[in-house]
There are 2 protein chains.
Amino acid sequence: MSNQQSLDDRKRNILKAVVDDYIETAEPVGSKALVDKHHFTWSSATIRNEMAELEALGYLEQPHTSAGRIPSDKGYRAYVDNLVQVEDVSTEEAEKIRHYLKDSLDELTGLIRKASTLLSDTTGYTSLALSPHVTQSHLQQIKMLMIEPGRALVVVVLSAGVVKDRIVRVPDILDANQLMQIAAAIEEGLSGMTLNDITLVTVASAARHAALPESLLNQVLYEAYVSIKQADNLELYIEGQHNLLSFPEFHDINKAQTFFKTLACDGMIAGYMSELKENDPEQSDNSFDTEDPCVQDGKRICPAYMIRIGQEIAVEGLRDCSFVTTTYKMGSVVAGRIGVIGPKRMAYSKVISNISFVKQTINENLRQIAQGEEISEENRT
Amino acid sequence: MSNQQSLDDRKRNILKAVVDDYIETAEPVGSKALVDKHHFTWSSATIRNEMAELEALGYLEQPHTSAGRIPSDKGYRAYVDNLVQVEDVSTEEAEKIRHYLKDSLDELTGLIRKASTLLSDTTGYTSLALSPHVTQSHLQQIKMLMIEPGRALVVVVLSAGVVKDRIVRVPDILDANQLMQIAAAIEEGLSGMTLNDITLVTVASAARHAALPESLLNQVLYEAYVSIKQADNLELYIEGQHNLLSFPEFHDINKAQTFFKTLACDGMIAGYMSELKENDPEQSDNSFDTEDPCVQDGKRICPAYMIRIGQEIAVEGLRDCSFVTTTYKMGSVVAGRIGVIGPKRMAYSKVISNISFVKQTINENLRQIAQGEEISEENRT
DNA sequence: ATTAGCACTCTAAAGGTAAGAGTGCTAACA
DNA sequence: TGTTAGCACTCTTACCTTTAGAGTGCTAAT
């Protein structure tokens with residue numbers, strides 16, 4: 001890290017040029033090509049010397065003796081932290097993103113899925129999106145609706161405006177009214193509690209106010225409890241997997257298969273994504289967007305984006321990739337994470353600008369939902 | 001088709017052997033290897049002559065002059081129609097399937113998704129499953145639940161036991177009671193009608209019984225109508241895409257990408273699958289399973305499975321594949337389709353047996369749901 | 001009708017060569 | 001002392017040639 005300080009201007013220029021060219025061509029870049037393309041004032045011999053030093057410092061690698069250089073993980077890291085010029089998202093794309101996300105105000109998961117589709121479409125890589133994490137939300141409503149004797153729909157509404165439902169079995173003899181009574185009792189007793197605080201015991205004690213025999217209650221209680229808990233189930237949306245097959249790094253069938261197989265383990269990936277934290281000392285605060293709601297008192301409290309490169313990715317099968325993610329918020333709490341995965345040789349500039357813009361757009365939309373939510377809570381009290 | 005009649009026993013034997021071997025090895029099979037492996041009583045020269053004739057008849061092809069033969073689409077067709085020996089599904093696999101599908105009695109889409117996962121797991125190919133098609137079902141319940149001012153959950157329950165819901169915007173001033181009134185009016189007016197027969201007009205006239213100003217009603221009506229119609233939206237579940245990368249026919253990146261890209265167009269695939277009909281004159285009735293509910297009076301009224309090979313597949317990007325599908329039923333109507341897609345050189349025997357068994361297991365489970373359903377209807381009247 | 005034998009064809013693997021891109025090093029230069 | 005021209009060297013890639021082998025079709029014998 002402090003190595004980066006020691007890079008003089010020329011080295012930085014050369015490193016940036018190497019990474020830029022390699023991102024573009026996927027071919028090792030040599031000293032001569034570099035001079036030709038970037039009109040450097042230094043000769044190719046000088047650049048050769050500098051590149052040898054950059055290699056010694058660990059920023060570049062050589063596939064074999066007589067080839068050009070390619071960036072190492074460390075080289076990419078320096079590039080994204082200090083060198084990359086983030087372009088503005090084009091007006092058409094901004095328009096496209098805004099327009100496409102506009103009509104999803106009502107359904108949160110729909111919004112996230114669309115955002116995911118947008119990211120894979122506009123970047124040409126694969127996008128991953130995590131449904132919101134709502135453990136800190138509190139229960140607002142729980143309703144049970146009889147579908148037919150023995151089957152019921154449980155609807156759980158959380159403070160974040162999240163609605164989840166689930167079909168469950170209930171005792172055949174239970175009728176619709178009794179079911180509503182139970183739900184009402186649970187709602188009465190538990191609404192306002194966070195999901196974390198709700199246990200089978202609290203559910204049971206709340207339901208005791210429904211004047212029904214315990215034998216009838218038990219199965220229903222359990223299902224209600226599970227339904228509440230399942231509101232927090234993480235879902236992962238993946239879009240544009242096939243995009244990666246375009247890139248030479250995935251022309252090796254084994255790599256492609258490893259990648260696809262790994263993504264098929266959505267539970268694992270979802271777990272990884274939900275545990276990603278911005279606590280990496282190497283991570284710059286990459287602030288470039290003052291409109292962002294994550295900026296407070298001029299200081300960025302959550303970075304606009306986060307990047308994991310190669311070996312930095314904790315998931316075995318994705319070590320040949322780079323992963324650019326960002327969080328989205330509902331009100332003031334981080335709700336979920338959305339990101340783009342692709343080859344390490346990724347067009348970081350474009351990805352960063354697009355992902356930041358999508359993040360911003362999602363947050364704006366979610367703020368509107370959250371505001372509606374606050375109004376609703378005021379009405380309640 | 002009548003060509004098949006003209007194939008004598010020896011030709012049939014040889015054709016079957018060629019297809020079997022090619023399925024196993026993915027290498028063109030030659031006359032000598034055939035004799036060695038199958039201990040035919042004929043000499044390789046005889047087999048050569050026969051293979052030349054089979055090629056002239058269109059059942060076999062030669063990649064180049066001095067190579068062995070591979071089956072043509074017509075060859076595969078003859079194989080699956082007349083030659084393949086369908087093995088029984090192994091007891092472990094049968095147990096696995098039954099066990100894995102057992103707990104999904106409550107949720108129909110869950111059942112179908114699990115079945116899809118099972119198929120791709122047990123066959124090693126890619127599975128496709130279509131959610132049930134419910135246009136012929138009739139509306140049983142429609143409920144509206146206020147989430148917060150301005151947002152409501154619409155729940156639609158159909159006769160088939162299908163439950164769909166959707167979050168919609170409603171006028172802010174509408175309260176929970178008014179919403180329930182509207183839903184009750186619509187339910188009162190429309191329950192019993194098939195989805196096909198319900199139009200915006202019928203919804204509107206039903207809702208007129210809710211004593212509310214028309215200005216308030218209109219948006220809600222429209223959303224209710226859309227929710228009812230959307231109950232019929234087809235969803236497609238795809239599992240095990242990465243499996244196909246194991247097969248040499250997909251080692252060509254372009255083919256792999258075409259395949260993945262095509263599958264990403266789920267709307268198109270869903271449309272294709274839902275329109276597949278068992279009206280193919282070349283399609284044998286492939287009856288081999290007398291326990292199947294599709295057999296009536298000893299005659300099979302819907303085939304246990306359907307196979308489309310290569311050019312028979314109407315979807316451009318899947319012409320290098322074979323597609324084995326079957327339908328599942330709810331009560332007595334065909335509800336949806338589930339299938340396996342893979343290389344034309346597919347282990348048809350295993351796929352057919354697994355898919356037939358899964359079909360049967362789904363149908364058994366769905367019959368239970370349907371029975372519950374009928375009870376519920378009796379209770380109603 | 002079947003089959004042994006043989007000449008022929010074509011592919012895939014192996015080896016050998018040449019071109020080219022890129023390097024590191026040395027020596028000259030400002 | 002930092003920079004650069006020049007050059008020998010290395011390594012990969014593409015291309016060509018050769019060879020082995022698998023498989024065929026045809027002919028003639030059974």
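Sequence lines set the chain letters: A, B, ... in the order given, protein chains first and strands last, and positions in each chain run from 1.
By the side chain to side chain donor-acceptor pair (under 3.5 Å) test, A:Asp121 pairs with no residue at all, sequence neighbours left out. For A:Ser66, the side-chain contact (heavy atoms from CB on, under 4.5 Å) partners two or more places apart in sequence, or in a different chain, are A:His64. Judged as a side chain to side chain donor-acceptor pair (under 3.5 Å), and not counting sequence neighbours, the contacts of A:Ser31 are A:Arg48. For B:Glu53, the side chain to side chain donor-acceptor pair (under 3.5 Å) partners are B:Lys11, not counting sequence neighbours. By the ring pair (Phe, Tyr, Trp, His ring centres under 6.0 Å) test, B:Phe247 pairs with B:Tyr125, sequence neighbours left out. Take A:Ser43 and apply the side chain to side chain donor-acceptor pair (under 3.5 Å) test, not counting sequence neighbours, and it matches A:Thr46. With sequence neighbours excluded, no residue forms a ring pair (Phe, Tyr, Trp, His ring centres under 6.0 Å) with B:Tyr79.
Less than 4.0 Å separates DNA chain C from no heavy atom of any residue of residues 248-256 of chain B.
Rounding to whole angstrom units, CD1 of residue B:Ile47 and C1' of C:dA1 are separated by 15 Å. If you measure from atom NE2 of A:His64 to atom P of C:dA21, you get 13 Å, rounded to the nearest angstrom.
Put simply, A:Thr46 has a side-chain N or O that comes within less than 4.0 Å of OP1 or OP2 on D:dT4.
Relative to the ring axis of A:Tyr59, A:Lys74 places its NZ or CZ within 45° and under 6.0 Å from the centre.
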Annotated protein contacts, base or backbone, on nucleotides 19-30 of chain D with a non-hydrogen cut-off under 4.0 Å, one of B, S, - each: ---BSBB-----

